[in-house]
Student: 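Take this structure first; my questions come after.
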Amino acid sequence: MLNLVLFGPPGAGKGTQSAKLIEKYGLVHLSTGDLLRSEIAAGTALGLEAKKLMDQGMLVPDAVVIGMIDSKLNANKNAGGFIFDGFPRTIAQAEALDQLLAGHNEGIHCMLSLRVTEEELTRRLLLRGKDSGRADDQDEAVIRKRIQEYENKTAQVAGYYAAQGKLREIEGIGEIEVIFNALCSEIDA
Ligand code: AMP
């Protein structure tokens with residue numbers, strides 16, 4: 001299995017690059033944001049609870065996203081590997097992911113971290129909000145809160161993987177293809 005964490009602040013390009021990476025490497029894409037939006041669309045109790053936090057740009061509780069990842073890992077036992085996109089977002093989530101993968105005799109090979117300035121993130125998210133229909137992409141205050149949550153709770157997750165020698169940083173501003181090639185070079189290495 002090839003298990004990758006695609007990391008970076010909201011708007012860094014994780015979704016765009018994940019789509020290209022799963023195609024090239026035959027991986028299963030696990031985006032906790034997408035999974036939560038499916039729960040909301042299905043009108044589940046979990047989705048309704050999560051929506052309140054997501055609309056404010058706040059993280060949902062660790063137990064919720066860890067539970068979702070656990071069931072997806074169990075449902076995809078024959079996968080060639082996984083790309084984790086938007087997960088883990090806290091140290092507790094990173095520890096839980098290591099434990100869950102260990103339960104399948106697996107682990108994370110590397111974390112690919114996309115580096116993008118806050119100014120560029122805000123610009124991209126507002127642009128995306130125009131046609132994605134995502135409420136959390138349309139309000140500058142919510143975008144600021146999401147970036148704040150990233151800085152307060154998520155940025156330190158890079159250190160967790162750096163301590164394991166698994167962190168690879170990639171410039172996230174530029175042509176999509178150029179960034180994709182940089183990601184592939186790291187993976188192939
Ligand atoms: P995303 O699509 O990754 O930008 O996520 C959208 C929203 O879903 C985030 O702003 C959070 O409210 C929530 N969310 C997604 N993934 C996580 C996670 N791993 N931990 C906590 N909240 C999450």
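Quantities reported herein were computed from a predicted structural model and do not represent experimental measurements. All values below come from the heavy atoms of this structure, side chains included, with hydrogens, waters and symmetry mates left out. Counting starts at 1 for both ligands and their atoms, in listed order.
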Student: Given the rule in the side chain to side chain donor-acceptor pair (under 3.5 Å) test, do Q164 and D98 qualify, once you have shown the distances and angles that lead to the verdict?
Tutor: CA-CA 11 Å; Q164 298 183 8; D98 274 346; 3.2 Å; yes
Student: What is the nearest protein non-hydrogen atom to atom 16 (N) of ligand 1, stated with its residue, atom name and distance?
Tutor: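 The answer is T32 OG1, 2.8 Å.
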Student: Are any of the N/O atoms in L53 less than 3.5 Å from those in ligand 1?
Tutor: no
Student: With the threshold set at 4.0 Å, does a side-chain nitrogen-carboxylate oxygen contact exist between K20 and E23?
Tutor: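 The answer is no: the pair does not qualify as a salt bridge.
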Student: Just wondering, do M54 and R37 contact through their side chains at under 4.5 Å, heavy atoms?
Tutor: yes
Student: Quick one: which ligand 1 atoms are inside 4.0 Å of a heavy atom on G86?
Tutor: 16 (N), 17 (C), 18 (C), 19 (N)
Student: Give the contacting part of R134 toward ligand 1: side chain, backbone, both or neither, where contact means a heavy-atom distance below 4.0 Å.
Tutor: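 Contact part for R134 vs ligand 1: side chain (C-beta onward).
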Student: Look only at the side chain of D137 and the backbone of G133, and say whether a donor-acceptor pair between them is shorter than 3.5 Å.
Tutor: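 Side chain of D137 to backbone of G133, a donor-acceptor pair under 3.5 Å: no, none is there.
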Student: Would you mind running through ligand 1 and noting each atom that sits below 4.0 Å from a heavy atom of R37?
Tutor: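 Within the 4.0 Å cut-off of R37, ligand 1 contributes 2 (O), 6 (C).
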Student: Side chain, backbone, both or neither: which applies to V65 and ligand 1 if a contact is any heavy-atom pair less than 4.0 Å apart?
Tutor: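 The part of V65 near ligand 1 is the side chain, not the backbone.
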Student: Report the part of M58 in contact with ligand 1, treating N, CA, C, O as backbone and CB onward as side chain, heavy atoms under 4.0 Å; options are side chain, backbone, both, neither.
Tutor: backbone
Student: Could you report the tightest heavy-atom contact between T32 and G86, atom names first, then the distance?
Tutor: OG1-O, 3.0 Å
Student: Could you check which of Q93, K51, M54 puts a non-hydrogen atom nearest to atom 7 (C) of ligand 1?
Tutor: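 Of the listed residues, M54 has the closest heavy atom.
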Student: Got the closest protein heavy atom to atom 13 (C) of ligand 1, with its distance?
Tutor: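 For atom 13 (C) of ligand 1, the nearest protein heavy atom is L36 CD1, 3.6 Å.
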Student: Could you tell me whether V60 approaches ligand 1 through its side chain, its backbone, both or neither, with non-hydrogen atoms closer than 4.0 Å?
Tutor: both
Student: Between I176 and Q17, is any pair of side-chain heavy atoms under 4.5 Å apart?
Tutor: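 Side-chain contact under 4.5 Å: yes.
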Student: Where does E149 meet ligand 1, judged by heavy-atom distances below 4.0 Å: at the side chain, the backbone, both, or neither?
Tutor: neither
Student: Answer yes or no: is there a side-chain heavy-atom contact under 4.5 Å between F7 and L167?
Tutor: no
Student: I'd like to know if R123 pairs up with E119 as an ion pair, taking the criterion as any Lys NZ or Arg NE/NH1/NH2 lying under 4.0 Å from an Asp or Glu carboxylate oxygen.
Tutor: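 So R123 does not pair with E119 through a salt bridge.
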Student: Starting from atom 5 (O) of ligand 1, what is the nearest protein heavy atom, named by residue and atom, and what distance separates them?
Tutor: R89 NH2, 3.5 Å
